[in-house]
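The block underneath contains the structure these notes are about, expressed in structure tokens.
Lettering of chains follows the sequences in order, A, B, ..., and the numbering in each one begins at 1.
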Amino acid sequence: MAVRLCDVASLLRSGSWAAEPWTGQVIAAMETQLSNGPSCNNTSNGPNQMNSCSSPVESGGMEDSKTNLIVNYLPQNMTQEELKSLFGSIGEIESCKLVRDKITGQSLGYGFVNYVDPKDAEKAINTLNGLRLQTKTIKVSYARPSSASIRDANLYVSGLPKTMTQKELEQLFSQYGRIITSRILVDQVTGVSRGVGFIRFDRRIEAEEAIKGLNGQKPSGATEPITVKFANNPSQKTSQALLSQLYQSPNRRYPGPLAQQAQRFRLDNLLNMAYGVKSRFSPMAIDGVTSLGINIPGHAGTGWCIFVYNLAPDADESILWQMFGPFGAVTNVKVIRDFNTNKCKGFGFVTMTNYDEAAMAIASLNGYRLGDRVLQVSFKTNKTHKA
DNA sequence: TATAATT
């Protein structure tokens, strides 16, 4: 079995740069995805429609939409435009919204995409659910009609036996209603349970019943009672917590200054050898233009444009998202197609925000074997056509 | 003892 996502995530966070260790991990994770197709490894990943009361009358007069999707577990730094770009690669979008904190403007890590055509919504679930973007695995499912009854249905559970598994936690709570997600928090180093977790129910009344039934109770075999209460709203953080979050994530995937210097040095050398350019950390390069006014390949003003060559005729945008997404912020992908046949002409482009992430993607994916083809991946050059 | 799931 391939590398677990959390392994890749911790490697990315720890900033173990020197190409070899984590490049291999990212590729391994990517290959799992490419071979199996995106599939979510969160619990309850099916469409979270209301199963028991889907008639218009019983659900309060609202038909369940077949075009409107909720997208969860988005990378913290992903913008609404990037969300639109990703989902727009499937089909025409009626509307798209990234949900942000009203006060701080920070992304809350989820959003909504409403398609024009229900078939595109279905296709988006099939092709984008489980897609890995940076350190996250996104979840794509139908959005239910918004209503008060489905809000505030998230529970915080503490005092759990350290041996209790996520499955056992779900078994304990499932008697009170339909569980949307469950999670047990684990020590980042040892992977052992911290004895606390979350349960999100389909409806608030189910969560209320679970509190009544389980708060202060001992699970069978446990020596201590568990505490079950409504979870705090994550957006209601103290200003201090927000500041520390701003400082620590998501743009800090690197360790301290010394290690940064070291990895910059290694990266500079790697890039110099491979491409003859400096990283964005170099004093020589500011925003893609050196102090000598020389343009660096691939820099397009809004990001770094990457040329991907030798794609198959049936290649589509999702393959580019799947390949490049794990390396960092991707703002746009495009497969170039023949006007008449609509088949891929063998190449495409990917735009990435950060130079180092783009360079690492190129270094890792150039020469990558996709099916029976060996890809050529490089920064886009400004080749003028020759006579 | 705290994750980003209803605009």
Counting only side-chain nitrogens and oxygens, does [X] get under 4.0 Å of the OP1 or OP2 atom of [N]?
X: A/Arg151; N: B/dT7; value: yes
X: A/Thr181; N: B/dA5; value: no
X: A/Lys136; N: B/dA4; value: yes
X: A/Arg100; N: B/dT7; value: no

Taking the six-membered ring for Trp, are A/Phe307 and A/Phe349 ring centroids under 6.0 Å apart? yes

Ring centers of A/Phe230, A/Tyr156 separated by less than 6.0 Å: no

Counting side-chain heavy atoms from CB outward, which of [options] is closest to [X]?
X: A/Leu185; options: B/dT7, B/dT6, B/dA2; value: B/dA2
X: A/Ser141; options: B/dA2, B/dA5, B/dT6; value: B/dA5
X: A/Ile180; options: B/dA5, B/dA2, B/dT7; value: B/dA5
X: A/Ser146; options: B/dA5, B/dA4, B/dT6; value: B/dT6
X: A/Tyr73; options: B/dA2, B/dT7, B/dA5; value: B/dA5

Nearest-angstrom distance from the residue atom [atom1] of [X] to [atom2] of [N]:
X: A/Lys139; N: B/dT6; atom1: NZ; atom2: P; answer: 12 Å
X: A/Asn232; N: B/dA5; atom1: CG; atom2: P; answer: 14 Å
X: A/Arg183; N: B/dA2; atom1: CZ; atom2: P; answer: 14 Å
X: A/Ile103; N: B/dA4; atom1: CD1; atom2: P; answer: 21 Å
X: A/Leu108; N: B/dA2; atom1: CG; atom2: P; answer: 19 Å
X: A/Tyr156; N: B/dA4; atom1: OH; atom2: P; answer: 14 Å
X: A/Phe230; N: B/dA4; atom1: CZ; atom2: P; answer: 20 Å
X: A/Ile226; N: B/dT1; atom1: CD1; atom2: P; answer: 15 Å

Ignoring hydrogens and angles, tell me if any N or O in the side chain of [X] forms a donor-acceptor pair with the backbone of [Y] under 3.5 Å.
X: A/Gln80; Y: A/Leu98; answer: yes
X: A/Glu317; Y: A/Val335; answer: yes
X: A/Asn310; Y: A/Leu375; answer: no
X: A/Ser149; Y: A/Arg203; answer: no

Mind checking if A/Lys229 touches a base, just sugar-phosphate, or nothing, with heavy atoms under 4.0 Å? base

Is A/Leu74 touching bases, backbone alone, or none of the nucleic acid, heavy atoms closer than 4.0 Å? nothing

With under 30° as parallel and over 60° as perpendicular, where do the rings of A/Phe379 and A/Tyr355 fit, or are they tilted in between? parallel

Starting at the 5' end of DNA chain B, which residue's closest nucleotide do you reach first, A/Asn154 or A/Leu69? A/Asn154

May I have the step-by-step check of salt bridge (Lys or Arg N to Asp or Glu O under 4.0 Å) for A/Glu209 and A/Lys212, ending in yes or no? CA-CA 5 Å; A/Glu209 290 306 311; A/Lys212 285 180 195 166; 3.3 Å; yes

Residues within residues 110-123 of chain A bordering DNA chain B, heavy-atom distance below 4.0 Å: A/Tyr110, A/Phe112

